[in-house]
Amino acid sequence: VASNTLQRLCRQEVKTLVNGSLPGPVIKLREGDQLIVHVNNKSPYNMTIHWHGVFQMFSAWADGPAYVTQCPIVPGSSFTYRFNVTGQEGTLWWHAHISVLRETLYGALIIRPRIGRSYPFRKPDKEVPILFGEWWDTNFVDVEHELITLGGIPRLSDAFTINGQPGDLFPCSRNKTYTMDVTQGKTYLLRMVNAVMMNHLFFKIAQHKFTVVAVDARYIEPYETDVVVIAPGQSADVLFTANQPIGNYYMAARAYFPTPLEFQNGTTTGIVHYNGAPKSSTPLMPILPDFTDTETSYKFYSNLTSLTTIGNPHWHPVPQKVDEKMFITFGLGFQPCNGSCAGPQGSFLRFAATMNNNSFLLPTKMSMLEAFHGGVQGIYTEDFPDNPPLEFNYTDPNVSLDFSLLVTVRKETRVKRLKYNSVVEIVLQSTSLIAAENHPLHFHGFDFYVLAQGFGNYDPINDPKKFNLVNPQQRNTIGVPINGWAVIRFLANNPGVWFVHCHRESHLTWGLNMAFVIENGPTPSTSLPPPPSDLPTC
């Protein structure tokens, strides 16, 4: 990990990269393999790497979020991540999990079936990683520092990217646009990752259709579509066949952002070039959905179901008995400021984000996992509430600027403790406070079943009738519908401390996070092992 000078959008910027590349190296392995990664930090910043979506069964020390499972790798030092990847196949990814360094520190993590097994779909002729990113024409760490210091709204990015390049529609970018060469009649598996910092994306290829076969490294019933919707933090395995006339076709992505706030509204492009077509011919452009097209977004997200046949060896039926139920509201708000902030009300407020009215504060003296393992008190408290402190009409736009609901004073490190092997069901309820948004929530340490989702306030009488308990999709990251809700269920079978947070970077910084502490099981083999000897200290 080191600083490198890159040129994008007509200017040079110093960015932090892994092995000098953007995106970073693609890591390929087979299900059941052990992965060993040596991280040497030659950058000027503290560093950690998160293996996004990897279960880390009994290897929580390798999960990576700074101050949650480890202290940072300080400049000039190193740390080796060691973990097994079992029970998962498909596309995941890795990224920095400290500050905002994942802007340029990310890459694909591809898990193929173990030898002797095959894909539960026709083997593609070629596999191609497609990683969506975001680019700032500045040092984004400085943007974060301003965000933390002044408590205002973050500066928008200058471009989206496909495999590190903005594409033809951005200045000084045409000669570097990502190009994918295809042969007419061949089928390709796009291993897609949304590594952007803020936005859900719509993705299309002009005149081509897709078959989605997995999301978040979970096989699904093949889903036919001409548009893929992908939230920050999510991944998808998508087949497409080059079955159009020989020519050039744009692949294109732009934001899904139905909130009436300023956002990055550019379109990033790559080129699908059919072998035999002149490269000089202008590619055809797909017609992308409108930025506010919630109908298309919801249709895609809500129509996916798990593949439950013998072809999916990692499917486990939904647990029917629930041990713990939670109702978590989340959204934006304010915290008092001393008059030097960039929020509203004469600079006496700063932006914050909360879950059940608690704005999360990361510790700095010790990681939460070390405190859990060593029984150290004072690093976190086990009193994260099962329900919001106040019931109100969560999605009513008239409460968006109700200051009695918006201002939170609590910024604390509060967790929810769970018994080993307990089954947990959570209603995730979005709110319209300040502005209704589609929040992408990421759970570390396990996947969850998405039982149902919808708009408005969750109805505990009628909405459970909509639960899919037969073949619900499984995710590690869910885009909870704008002004809506989702119900998830998971098995807490992995001892340790597991972070839950919004994958919009500003919301994570503002505190839209919490954590689960899962107790050790009854035997040494079902308990968290001791930390590795080279684990960084704070």
Side-chain angles (χ1 to χ4, degrees), residues 8-10 23 91 122 124-135 157-196 199-213 222-230 236-257 263-293 295-297 299-300:
R8 299 286 189 279
L9 307 181
C10 315
T91 304
R122 195 190 107 188
D125 295 292
K126 188 175 181 181
E127 302 180 11
V128 181
I130 299 290
L131 281 77
F132 304 108
E134 207 161 358
W135 178 268
S157 66
D158 294 285
F160 293 127
T161 60
I162 293 177
N163 288 349
Q165 297 294 339
D168 287 1
L169 304 185
F170 288 92
C172 305
S173 302
R174 183 173 291 271
N175 64 338
K176 295 288 187 181
T177 296
Y178 170 71
T179 299
M180 177 182 170
D181 294 325
V182 301
T183 299
Q184 192 178 45
K186 300 286 188 182
T187 296
Y188 299 84
L189 178 62
L190 303 182
R191 293 188 173 274
M192 298 170 54
V193 172
N194 185 347
V196 306
N199 292 107
H200 300 246
L201 296 173
F202 292 121
F203 174 79
K204 297 184 79 169
I205 298 176
Q207 294 189 2
H208 290 76
K209 294 189 181 300
F210 304 119
T211 303
V212 186
V213 292
Y223 180 71
E224 308 289 335
T225 180
D226 68 345
V227 59
V228 173
V229 192
I230 188 165
D237 292 334
V238 179
L239 294 169
F240 92 96
T241 299
N243 57 6
Q244 295 301 301
I246 288 176
N248 295 314
Y249 302 82
Y250 275 124
M251 59 172 70
R254 73 176 183 187
Y256 161 59
F257 196 81
F263 65 99
Q264 169 51 257
N265 63 3
T267 299
T268 180
T269 57
I271 297 172
V272 176
H273 166 72
Y274 276 63
N275 294 322
K279 291 203 172 183
S280 58
S281 64
T282 301
L284 292 173
M285 177 65 80
I287 300 173
L288 288 160
D290 186 80
F291 302 113
T292 62
D293 191 346
E295 182 180 352
T296 294
S297 170
K299 178 184 176 183
F300 181 89

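Below, all heavy atoms of this structure are taken into account, side chains as well, without hydrogens, waters or symmetry copies. For this chain, numbers begin at 1 and follow the sequence in order.
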Closest heavy-atom pair and its distance - Pro166, Thr268: O-OG1, 2.9 Å

task: Test ring pair (Phe, Tyr, Trp, His ring centres under 6.0 Å) on Tyr274 and Tyr249 and set out the steps.
output: CA-CA 8 Å; Tyr274 276 63; Tyr249 302 82; 5.4 Å; yes

Within-4.5 Å side-chain heavy-atom neighbours: Tyr256 and Thr296: no

task: Determine, stepwise, if the pair Tyr178 / Thr269 fulfils side chain to side chain contact (heavy atoms under 4.5 Å, CB included).
output: CA-CA 8 Å; Tyr178 170 71; Thr269 57; over 6 Å; no

task: Please identify each residue that fulfils side chain to side chain contact (heavy atoms under 4.5 Å, CB included) with Leu288, with sequence neighbours left out.
output: Phe202, Lys204, Ala252, Arg254, Thr267

query: Residues in ring-ring contact (aromatic ring centres under 6.0 Å, His included) with Phe170, at least two apart?
result: none

- request: Mind running side chain to side chain contact (heavy atoms under 4.5 Å, CB included) on Lys299 and Val229 for me, showing each step along the way?
  value: CA-CA 9 Å; Lys299 178 184 176 183; Val229 192; over 6 Å; no

message: Does Leu169 form a side chain to side chain contact (heavy atoms under 4.5 Å, CB included) with Met285? I'd like the steps, not just the answer.
response: CA-CA 11 Å; Leu169 304 185; Met285 177 65 80; 3.9 Å; yes

- prompt: So which pairs with a foot in residues 159-175 pass salt bridge (charged side-chain N to carboxylate O under 4.0 Å, His left out), sequence neighbours left out?
  reply: Asp168-Arg174

task: Could you tell me whether the side chain of Asp125 and the main chain of Val182 form a donor-acceptor pair under 3.5 Å?
output: no

message: What's the separation between atom CD1 in Ile287 and atom CG in Leu284, rounded to the nearest 0.5 Å?
response: 10.5 Å

statement: Residues passing the side chain to side chain contact (heavy atoms under 4.5 Å, CB included) test with Thr211, sequence neighbours excluded, are Val213, Pro222, Glu224, Leu239

- line: Rounding to 0.5 Å, atoms CD1 (Ile162) and CE (Met192) come to a distance of 8.5 Å

message: With heavy-atom distances below 4.5 Å as the criterion, would you say the side chains of Leu190 and Phe203 are in contact?
response: yes

- prompt: Would you call Val272 and Gln244 a side-chain contact if the rule is heavy atoms closer than 4.5 Å?
  reply: no

message: Give me the atom names and distance for the closest heavy-atom approach of Phe210 to Val238.
response: CB-CG1, 3.4 Å

- request: Could you tell me which residues satisfy side chain to side chain contact (heavy atoms under 4.5 Å, CB included) with Lys176, sequence neighbours excluded, listed by chain and number?
  value: Gln165

- prompt: What pairs meet the side-chain hydrogen bond (donor to acceptor under 3.5 Å, both in side chains) rule with one or both residues in residues 277-288, with sequence neighbours excluded?
  reply: Asn248-Ser281

Pair listing, salt bridge (charged side-chain N to carboxylate O under 4.0 Å, His left out) test, anchored in residues 237-252, at least two apart: Arg191-Asp237

statement: Rounded to the nearest 0.5 Å, the CG atom of Asp181 sits from the NZ atom of Lys186 at a distance of 14.0 Å

query: Which atom pair, heavy atoms only, marks the closest approach of Leu9 to Ala159?
result: CD1-CB, 4.0 Å

message: Please give me the minimum heavy-atom distance between Gly276 and Ile246, naming the atom from each residue.
response: C-CG2, 3.8 Å

- request: Report the distance from atom OG of Ser297 to atom CD1 of Ile230, rounding to the nearest 0.5 Å.
  value: 12.0 Å

query: Which heavy atom of Ser157 sits nearest a heavy atom of Gln264, and at what distance?
result: O-NE2, 2.8 Å

message: For a quick test of reading the model, state the closest non-hydrogen atom pair linking Trp135 to Thr161 and the distance between them.
response: CB-CG2, 4.2 Å

statement: Sorted by chain and number, sequence neighbours left out, ring-ring contact (aromatic ring centres under 6.0 Å, His included) with Tyr250 holds for none

message: Run Val227 and Phe300 through side chain to side chain contact (heavy atoms under 4.5 Å, CB included) and show every step you take.
response: CA-CA 8 Å; Val227 59; Phe300 181 89; 5.7 Å; no

- line: By ring-ring contact (aromatic ring centres under 6.0 Å, His included), Phe160 pairs with (sequence neighbours left out) none

message: Which residues pass the ring-ring contact (aromatic ring centres under 6.0 Å, His included) test with Phe263, not counting sequence neighbours?
response: Phe257, Phe291

- request: Enter the distance from Thr183:OG1 to Tyr188:OH here, rounded to the nearest 0.5 Å.
  value: 4.0 Å

message: For Phe132, is there any backbone N or O sitting under 3.5 Å from a side-chain donor or acceptor partner on Asn163?
response: no

field: Side-chain touch Leu201/Val196, heavy atoms, less than 4.5 angstrom
entry: yes

query: Of all residues at least two apart in sequence or in a different chain, which pass the side chain to side chain contact (heavy atoms under 4.5 Å, CB included) check with Thr241?
result: Thr187, Asn243

- prompt: Partners of Asp293 by salt bridge (Lys or Arg N to Asp or Glu O under 4.0 Å), sequence neighbours excluded?
  reply: none

field: Nearest-0.5 Å distance, CD1 of residue Ile271 to CE of residue Met180
entry: 13.0 Å

